[in-house]
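Some notes on the structure that comes next.
The model shown is predicted, which means the values in this text are computed figures rather than measured ones.
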Amino acid sequence: IRNCIFSENYRGMDNRDSSPTVTDCIFSSNDDGMTNDGTSSPTVTSCGFSDNTSNGMWNLGTSSANVTTSTFSGNGAGMTNDDTSTVTVNDCTFSDNLGGVFNRGSEPSVNDSRFSNNLEFGMENWGASPTVANCTFSNTGTPTNPSVGMYSFTSTVTVTNSTFSGYEDGGFRAYGTSATIESSIFSENTSTDGGGIENDSGAIKITNCLFVGNRANNGAAVWNSTAIFSVSNSTFTDNQASVSGGVFYSNNANIVTVT
């Protein structure tokens, strides 16, 4: 399927146990731009998903979409990954959506992609296991609600060589989550607690990261509560807390290791 426009439908394209190749197509002003269910494994290249009410793309079942060089803007969610879907996203842009990518019970791989000015979150994970590499999460606009770079609830998250900057509700917020974060940058984020990272009841390991210019009431760079936290070979510069913990704030943290 090439050079087609899907507009003002309930679902622009609904794939069930099918694997089309879709190139240079536009999905706009539908309820869902594209849905992939069952064992679907579509290949989507250089497509645009805009102003779809619910989702630009919705992956569910055991689907395994491969999405490359595509843009998602102005949708409810740019992409939602449900069930045990295993989407692979390469070199895509998620901007000005209500939320960039929402993962629930899925295992997405997101690489070399950009998340900017999404109203509520760049990526949100619920019981999911995303792998994120070489991505940029940024917020330079003035959204109505405070937004977060990545929020994770009871998930397992791996982040490598990525940047989180300019968020008003923290760069990375996690509850009951196991996260490994390497070679990443947290800059100019603000929050009540944990401008760079908020770690509540989880376990986070940080290696070779930079925290610069983050602000919070408590724990400008990192805030921990009832959590396990370790950091090594990382740099903290110009992080400022108005109450306590310019770099770290730990409340009933089980283990805090700094090397």
Side-chain angles (χ1 to χ4, degrees), residues 1 3-16 20 22-37 40 42-61 63-83 85-106 108-126 128 130 132 135-152 166-169:
I1 302 171
N3 297 322
C4 292
I5 297 174
F6 301 81
S7 180
E8 299 183 1
N9 304 287
Y10 171 54
R11 288 178 174 166
M13 182 180 294
D14 192 351
N15 300 310
R16 296 171 185 261
V22 184
T23 307
D24 294 320
C25 290
I26 295 173
F27 298 81
S28 66
S29 301
N30 306 285
D31 185 28
D32 294 302
M34 177 188 293
T35 61
N36 302 305
D37 200 354
S40 295
T43 298
V44 179
T45 306
S46 300
C47 290
F49 298 80
S50 63
D51 301 314
N52 298 287
T53 305
S54 296
N55 303 286
M57 180 182 291
W58 185 16
N59 300 302
L60 59 164
S63 62
S64 55
N66 194 317
V67 186
T68 305
T69 58
S70 294
T71 60
F72 298 78
S73 64
N75 305 286
M79 179 183 291
T80 294
N81 302 310
D82 264 328
D83 303 328
S85 59
T86 55
V87 63
T88 298
V89 176
N90 291 305
D91 193 19
C92 290
T93 299
F94 299 84
S95 64
D96 300 298
N97 303 284
L98 182 62
V101 173
F102 178 64
N103 303 310
R104 182 170 44 203
S106 54
S109 175
V110 183
N111 311 289
D112 303 300
S113 294
R114 298 149 298 280
F115 297 77
S116 65
N117 297 342
N118 296 289
L119 184 62
E120 294 186 355
F121 57 85
M123 181 179 291
E124 185 165 324
N125 309 304
W126 287 71
V132 177
C135 290
T136 300
F137 294 79
S138 64
N139 184 38
T140 58
T142 54
T144 302
N145 298 314
S147 55
V148 60
M150 184 181 295
Y151 176 77
S152 296
Y167 287 96
E168 304 95 339
D169 200 20

Do [X] and [Y] have side chains that get closer than 4.5 Å, going by heavy atoms?
{"X": "Glu120", "Y": "Ser147", "value": "no"}
{"X": "Asn55", "Y": "Met79", "value": "no"}
{"X": "Asn15", "Y": "Pro20", "value": "yes"}
{"X": "Met150", "Y": "Val132", "value": "yes"}
{"X": "Thr68", "Y": "Cys92", "value": "no"}

Examine distances only and state if a side-chain atom of [X] and a backbone atom of [Y] form a donor-acceptor pair shorter than 3.5 Å.
{"X": "Asn52", "Y": "Asn30", "answer": "yes"}
{"X": "Asn75", "Y": "Thr53", "answer": "no"}
{"X": "Asn97", "Y": "Phe72", "answer": "yes"}

So which atom in [X] and which in [Y] form the shortest heavy-atom distance, rounded to 0.1 Å?
{"X": "Val101", "Y": "Phe94", "answer": "CG2-CE2, 3.5 Å"}
{"X": "Asn117", "Y": "Thr140", "answer": "OD1-N, 2.7 Å"}
{"X": "Val110", "Y": "Phe115", "answer": "CG1-CZ, 4.0 Å"}
{"X": "Asp112", "Y": "Arg114", "answer": "O-NH1, 3.2 Å"}
{"X": "Asp91", "Y": "Ser113", "answer": "N-OG, 3.4 Å"}

Partners passing salt bridge (charged side-chain N to carboxylate O under 4.0 Å, His left out) against [X] (at least two apart in sequence or in another chain):
{"X": "Asp96", "answer": "none"}
{"X": "Arg11", "answer": "Asp14, Asp32"}
{"X": "Asp83", "answer": "none"}
{"X": "Asp169", "answer": "Arg173"}

Check side-chain hydrogen bond (donor to acceptor under 3.5 Å, both in side chains) between [X] and all other residues, then give those that pass, not counting sequence neighbours.
{"X": "Ser138", "value": "none"}
{"X": "Thr69", "value": "Ser46"}
{"X": "Ser70", "value": "none"}

Test item: side-chain donor near acceptor, Trp58 and Asn36, under 3.5 Å: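 No, no side-chain donor-acceptor contact under 3.5 Å.
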Going by atom types only, do Thr43 and Asn66 share a side-chain donor-acceptor pair under 3.5 Å?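 Note: Thr43 and Asn66 side chains miss the donor-acceptor criterion.
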What distance do [X] atom [atom1] and [Y] atom [atom2] have between them, rounded to the nearest 0.5 Å?
{"X": "Met34", "Y": "Cys47", "atom1": "CE", "atom2": "SG", "value": "6.0 Å"}
{"X": "Ser29", "Y": "Phe6", "atom1": "OG", "atom2": "CZ", "value": "14.5 Å"}
{"X": "Cys4", "Y": "Met13", "atom1": "SG", "atom2": "CE", "value": "7.5 Å"}
{"X": "Phe49", "Y": "Ser28", "atom1": "CZ", "atom2": "OG", "value": "11.0 Å"}
{"X": "Asn90", "Y": "Ser109", "atom1": "CG", "atom2": "OG", "value": "7.0 Å"}
{"X": "Ser63", "Y": "Asn81", "atom1": "OG", "atom2": "CG", "value": "7.5 Å"}

Partners of Tyr167 by ring pair (Phe, Tyr, Trp, His ring centres under 6.0 Å), sequence neighbours excluded?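 With neighbours one apart ignored, the set is empty.
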Begin from the C-alpha positions of Cys25 and Ile1 and carry the test side-chain contact (heavy atoms from CB on, under 4.5 Å) through to its verdict. CA-CA 8 Å; Cys25 290; Ile1 302 171; 4.0 Å; yes
Going through the distances and angles, do Val67 and Val87 end up as a side-chain contact (heavy atoms from CB on, under 4.5 Å)? CA-CA 8 Å; Val67 186; Val87 63; 4.2 Å; yes
Tell me, which pairs form a salt bridge (charged side-chain N to carboxylate O under 4.0 Å, His left out) where one or both residues lie in residues 44-56, sequence neighbours left out?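 Non-adjacent pairs meeting salt bridge (charged side-chain N to carboxylate O under 4.0 Å, His left out): zero.
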By side chain to side chain contact (heavy atoms under 4.5 Å, CB included), which residues pair with [X], not counting sequence neighbours?
{"X": "Phe102", "value": "Thr80, Arg104, Phe121, Glu124, Trp126"}
{"X": "Thr71", "value": "Thr93"}
{"X": "Ala128", "value": "Asn103, Ser106, Asn125, Pro130, Ser155"}

